[in-house]
Amino acid sequence: MPELPEVETALRGIKPYILNQKITYVIVRRPNLRWPIPANLAQLLTGQTVKQLKRRGKYLLLGFDHGTLILHLGMSGSLSVLPEATPHKKHDHVELHFANHKYLRFTDPRRFGAILWTDEKAANHPLISSIGPEPLTNKFDGDYLYSISRNKKAAIKSFIMDGKIVAGVGNIYATEALFLAGIHPNKSAGDVTLNSYRKLVDAIKSILKQAIKQGGTTLKDFVNPSGSPGYFSIQLHVYGRAGKSCPRCKNKLKSIRLLQRSTVYCPYCQKA
DNA sequence: TTAATCACCTGAGGGC
DNA sequence: TGCCCTCAGGTGATTA
């Protein structure tokens with residue numbers, strides 16, 4: 001399940017092969033992802049050179065002279081850079097072929113991902129403009145979360161998973177960060193103290209940095225651009241460990257559902 | 001305005 | 001072995 005570290009890993013993996021490379025042709029095998037892929041995608045991209053490659057939240061942005069290709073990996077999406085003539089498989093939906101005889105392949109079994117085009121600056125696109133601050137920047141700190149959470153009754157986990165509050169924190173890292181900060185996931189965001197928010201931000205930054213360093217989390221579908229899985233899941237403290245013992249106090253971890261998402265926590269270490 | 005729920009989608013895994 | 005059901009989850013749209 002690609003979250004911010006997985007997207008960052010994908011970006012770093014593909015960048016050396018496609019930045020400043022000219023696209024020679026485009027193959028779209030299945031245009032109906034989360035939203036339809038632009039029908040004129042091949043016309044838009046053929047002969048164009050990738051001038052910029054950036055990440056914003058969980059979106060990858062391929063910048064060209066005349067616009068930006070916006071990619072989202074959804075839940076099961078992955079990107080691979082492969083040599084020409086590598087045969088495609090069932091869920092390989094889109095390929096961008098480059099002059100260096102490599103191609104970028106977009107694979108997404110569940111098709112929750114997206115490939116969109118904008119003629120304007122990506123920052124002006126509605127999907128991008130509404131995203132909150134990047135979690136690894138100085139703008140994202142405990143004071144920021146505290147100030148915008150006053151009077152909010154939503155559960156803290158829902159709050160930090162809201163992309164408009166902070167970019168790129170999904171279920172896995174929200175679950176882990178709340179454990180590390182000792183905050184009950186169901187606690188109202190408006191009731192969390194400034195000190196706890198500072199701990200939470202430290203936990204989010206720490207866990208994201210660690211995950212990026214190790215190449216993303218490997219859970220079910222995620223593979224990095226070289227085709228190998230990440231190795232972070234072995235270090236998860238609570239996610240996916242309901243019923244097992246808490247790594248801190250050894251009591252049994254519990255599972256609840258918040259926003260239709262499984263949420264594992266320690267009822268002793270994480271106070272409401 | 002805010003918060004919760006729904007819908008999209010497919011593969012894995014468990015039960016029978 | 002095969003069928004059916006449940007679960008996993010990112011995020012925009014819809015509903016309360």
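None of these values were measured; they are calculated from a predicted model. FYI, side chains are in, hydrogens and waters are out, and symmetry mates aren't considered; it's all heavy atoms of this structure. Numbers restart at 1 for each chain; the letters A, B, ... are given by sequence-line order, proteins then strands.
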Closest to the side chain of Lys58(A), out of dC6(B), dT2(B), dG10(C), is dG10(C)

Between CD of Gln260(A) and C1' of dT15(C) the distance, given in whole Å, is 13 Å

For residues His66(A) and Trp117(A), establish whether the separation of their ring centroids is below 6.0 Å. yes

What's Tyr59(A) touching, base or sugar-phosphate or nothing? Going by heavy atoms closer than 4.0 Å. sugar-phosphate

Do the side chain of Arg34(A) and the base of dT11(C) come within less than 3.5 angstrom through a donor-acceptor pair of N or O atoms? yes

Quick one: is dT2(B) close enough that its OP1 or OP2 comes under 4.0 Å of any side-chain N or O from Lys153(A)? no

To the nearest angstrom, how far is Phe159(A) atom CZ from dT11(C) atom P? 17 Å

What is the distance from CG of Leu258(A) to C1' of dT5(B), rounded to the nearest Å? 13 Å

So what does Leu127(A) hit on the nucleic acid, given a heavy-atom distance under 4.0 Å: a base, only sugar-phosphate, or nothing? sugar-phosphate

Which part of the nucleic acid does Arg111(A) contact within heavy-atom distance under 4.0 Å: base, sugar-phosphate only, or nothing? sugar-phosphate

Can you measure Leu73(A) atom CG to dT11(C) atom C1' for me and round it to whole angstrom units? 14 Å

dG10(C) phosphate, OP1 or OP2, under 4.0 Å from His72(A) side-chain N/O: no

When you check the phosphate oxygens OP1 and OP2 of dG10(C), does a side-chain N or O of Arg110(A) lie under 4.0 Å from one of them? no

Respond yes when some side-chain nitrogen or oxygen of Arg30(A) is under 4.0 Å from OP1 or OP2 of dT10(B), and no when none is. yes

With a 4.0 Å cutoff (strictly under), does any side-chain N or O of His91(A) reach OP1 or OP2 of dC9(B)? no

Would one find a side-chain N or O of Lys90(A) under 4.0 angstrom from OP1 or OP2 of dG11(B)? yes

Is there aromatic stacking of Phe112(A) against dT11(C), centre distance under 5.5 Å, plane angle under 30°? no

Looking across every strand, which nucleic acid part, if any, lies under 4.0 Å from Ser262(A) by heavy atom: base, sugar-phosphate, or nothing? sugar-phosphate

Verdict with reasoning, Glu95(A) to Arg29(A), per salt bridge (Lys or Arg N to Asp or Glu O under 4.0 Å): CA-CA 8 Å; Glu95(A) 293 172 8; Arg29(A) 294 198 176 83; 2.7 Å; yes

